[in-house]
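In what follows, a structure is listed as structure tokens, so that the remarks can point back to it.
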Amino acid sequence: MTSPEERPPSAVLGRIPATPRWKPGRDRNNEAAMMLHEGRVDEAAVALREVVALTRVADVDGEGLDMRARALLNLAAAHEFRGDLAEALRTADEGLAAASDALGLIGDERATRTVLINGMLSRAQTLTQLDRLDDALSGIAEAEAQLDADDLDQRDLLAFSVHNARTVVLITTGRLQEAQDEAQRALSVALRVGPELSGHAYANLGVIAQRTGDDTAAREYLQLAHQAQELSGDATSRQHAVENLARVAMQEGRLREAEEGFRQAAELAGRVGLTTRLAASRTGLAAVLLQSGRTGAAAKALRVLLDELDRDAAVHERLEAYSFLGDAESARNRYPAADDAYRAARELARSPHDRGRIDLRRAEMHAEWAAMSITPRSRLARLEKARDLAIPVLLLTEALRDGFAPGGTRERWSLQVAAPARELAFRLARTLGDSALLFELVENAAASVTLQADAAVEVTAPLPFERPRASAVEWERDERERDELPAAAAGLLGGEGTASFRFAPPPRVVAVPGAAPVLDAWIRKAEAEYGVPLRSEAVVPAW
């Protein structure tokens, strides 16, 4: 997943030349911005502090405040690169205050409003990394509102940054349909105003494709991202490109290639001081070690990494590291250690998607643990624990499908992403000999209808789909599928921001007249656990 566009505030040119008083500082700030672009983070930070110091005078004027804002916001980026998110946020706040003061004194004669909006988006990026996702979305909305200002410099570039920043947050929260729509908007702007920017949008689309089970599209998107980011000359973009391709290789089982890619990505991140990306690359490398059977080495690498990560800042990196540590310990049959790791990851997970993903891994671990149990009592207890985790996850993943517009992605989610939870829930019910539960699971799986497209309410025209050429046939097939739309007993619900349609929660199903709806207690438990409406209160008989 990529960061919002990294173009520094110093790239925004004022409408009049710098005065002799401030020209040396402005030139120094521009030099420091280029250092950041090239990955020379420590050198840039030294230069930027010098520029800020020049403005710490009693008679600072509006131009000096504009220069202070640019330098501080660049310095905040340097802090973020190095993983010091608290200092990045503090510095960004000071930079935004300086920009506001400059606007109050001299208006927008030096394009300070563009600097301000860039800074607001950079601050939202920092909040995203701090897992303050609601605050990040609010900050992005506030920045977007500023785009209506008259005579705004770089309006299209800022619009791209808004869409890209919002895409990152939506991916992080698991709102993948909205993220896909927003990434397409970002891509549309990028292809119009700066094709080199398209790498960010393609990389995000690749991540979304990975998470929705479309490995072919993920590979195509990430290869396009790599091509665009290689041309950008940006050290951060180049590192992202290598890391993302390593993830594709790992997902497709090309482990030697993935290991080499993650090592290269880690080397690039370490060389330019990208602390967060270094952690992500090291986690990816540990995942490759795990998949290749080197479980002890993977567990050791992850524990070393977790000891080094900032407990207050590296939220997403720690979540992934703990998740893979749980996998590694489970593969070593060290089940109590695995459970501890999964619990630690669960505490860091905010989105229902992430919580469900971790709970499914925990459920699989408890099922494996049961198979290793010595006494019938301990075996039964662990099977029941696995069941209690797996069934709510199954219901959640089925419900999350309804957040997608009708088409290939939505159906692929049901067939691939929800399939592991469905298979585990059925297997556990059968192993426990719970025929009543097995019957209810069968009825739940069979509760489907076919909706005709002419019965649906169209929300908006589909966005232009800038998908790689190799996948155009699949998109055309998805378009044909809109004539007949499979759905899990769902009604259609109109809403803004979707590519075409989205589904409302389906009704509860009664399998036996006079009995409670199928899986009703489990549904209510899952809704309470994940905070997602799984079914409406309407009740229909099974058919």
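These numbers come from a predicted model, not from an experiment.
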Worked verdict on Glu144 versus Met120 for side chain to side chain contact (heavy atoms under 4.5 Å, CB included): CA-CA 10 Å; Glu144 186 174 31; Met120 294 170 72; over 6 Å; no
[Y] and [X], any side-chain heavy atoms less than 4.5 Å apart:
| X | Y | value |
| --- | --- | --- |
| Leu187 | Gln184 | yes |
| Gln180 | Gln177 | yes |
| Arg254 | Val248 | yes |
| Lys385 | Arg362 | yes |
| Arg387 | Trp522 | yes |
| Thr283 | Phe324 | yes |
| Leu89 | Arg132 | yes |
| Leu400 | Val417 | no |

Distance alone, cut at 3.5 Å: any donor-acceptor contact between the side chains of [X] and [Y]?
| X | Y | answer |
| --- | --- | --- |
| Gln264 | Glu260 | no |
| Gln210 | Asp215 | no |
| Asn244 | Tyr221 | no |
| Gln239 | Ser281 | yes |
| Arg412 | Thr409 | yes |

Would you call [X] and [Y] a salt bridge, using N to O less than 4.0 angstrom?
| X | Y | value |
| --- | --- | --- |
| Arg247 | Glu243 | yes |
| Arg382 | Glu368 | no |
| Arg410 | Asp402 | yes |
| Arg343 | Asp340 | no |
| Glu267 | Arg263 | no |
| Arg294 | Glu259 | yes |
| Glu364 | Arg361 | no |
| Arg357 | Glu320 | yes |
| Glu529 | Lys525 | no |

Would you check if the side chain of [X] reaches a backbone N or O of [Y] as a donor-acceptor pair within less than 3.5 Å?
| X | Y | result |
| --- | --- | --- |
| His316 | Thr128 | yes |
| Thr126 | Leu85 | no |
| Arg355 | Tyr530 | yes |
| Ser122 | Asn118 | yes |
| Asp339 | Tyr335 | no |
| Ser198 | Gly194 | no |
| Glu527 | Leu534 | yes |
| Arg82 | Val41 | no |
| Arg123 | Gly139 | no |
| Glu317 | Ala280 | no |

[atom2] on [Y] to [atom1] on [X], rounded to 0.5 Å:
| X | Y | atom1 | atom2 | result |
| --- | --- | --- | --- | --- |
| Leu319 | Thr172 | CG | OG1 | 10.5 Å |
| Glu347 | Ile358 | CD | CD1 | 10.5 Å |
| Leu191 | Glu196 | CG | CD | 10.5 Å |
| Asp131 | Arg350 | CG | CZ | 5.0 Å |
| Ile208 | Glu178 | CD1 | CD | 11.0 Å |
| Leu289 | Phe262 | CG | CZ | 10.5 Å |

Using the side chain to side chain contact (heavy atoms under 4.5 Å, CB included) rule, take Val315 and Leu130 through it: C-alpha gap first, then chi angles, then the decisive distance, then the call. CA-CA 6 Å; Val315 177; Leu130 286 166; 5.9 Å; no
Determine the minimum heavy-atom distance between His163 and Val189, stating which atoms define it. CD2-CG2, 4.3 Å
Assign the ring pair Phe404 / Trp413 to parallel, tilted or perpendicular, where the plane angle (0 to 90°) is split at 30° and 60°. tilted
Show your reasoning for whether salt bridge (Lys or Arg N to Asp or Glu O under 4.0 Å) applies to Glu38 and Arg238. CA-CA 10 Å; Glu38 295 166 1; Arg238 290 197 302 272; over 6 Å; no
Which is it for Glu308 and Arg282 under the salt bridge (Lys or Arg N to Asp or Glu O under 4.0 Å) test, yes or no, and what are the steps along the way? CA-CA 12 Å; Glu308 296 175 1; Arg282 289 171 63 187; 2.8 Å; yes
Would Arg211 and Ile171 count as a side chain to side chain contact (heavy atoms under 4.5 Å, CB included) here? Give the steps. CA-CA 9 Å; Arg211 296 193 181 187; Ile171 291 173; 3.7 Å; yes
Could you walk me through whether Asn164 and Ser161 pass the side chain to side chain contact (heavy atoms under 4.5 Å, CB included) test, one step at a time? CA-CA 5 Å; Asn164 198 54; Ser161 297; 5.6 Å; no
